Amino acid sequence: MNDGYLRNREGKIVGRFDGNILRDGTGRIVARHDSSDDRTRTREGKIVGNGDLRLFQLGKDQPEK
């Protein structure tokens, strides 16, 4: 089932794909990918890198265990 939600091993929602935008579990924007220039940007608009790095940004946003 592909509902656009990303879940951890316990089943808790940690992210959601909303078109080309990735949101965290609370609904805040984490990153967006622009396919026109193939770059990923943070919520502030800073370029993270080339390609789709939205999941990388979500991993940086998660707390350590």
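Because the structure is a prediction, the values reported are computed rather than measured.
- Going from atom CZ of Arg16 over to atom CG of Leu6 covers 10.5 Å, rounded to the nearest 0.5 Å.
- Evaluated for a side-chain contact (heavy atoms from CB on, under 4.5 Å) with Gln57, the options Leu22, Val48, Ile29 yield exactly one hit, Val48.
- Distance alone, capped at 3.5 Å, places no donor-acceptor pair between the Asp38 side chain and the Asn50 backbone.
- Taking the side chain as every heavy atom from C-beta outward, Thr40 and Arg54 approach each other to under 4.5 Å.
- Note on Arg23 versus Asp18: salt bridge recorded, some NZ/NE/NH1/NH2 to OD/OE distance being below 4.0 Å.
- Without hydrogens or angle criteria, Asp34 side chain to Ser36 main chain gives no donor-acceptor distance under 3.5 Å.
- The minimum heavy-atom distance linking Leu58 with Val30 is given by the pair N-CG1, 3.8 Å.
- Here CG of Asp52 is found 12.5 Å from CZ of Arg32. Values are rounded to the nearest 0.5 Å.
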| said: Does Phe17 form a side chain to side chain contact (heavy atoms under 4.5 Å, CB included) with Leu55? I'd like the steps, not just the answer. | reply: CA-CA 10 Å; Phe17 282 107; Leu55 292 177; 3.9 Å; yes
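- With values rounded to the nearest 0.5 angstrom, Arg43 atom CZ is found 6.5 Å from Asp24 atom CG.
- To the nearest 0.5 Å, atom OG1 of residue Thr42 and atom CG of residue Leu53 are 12.0 Å apart.
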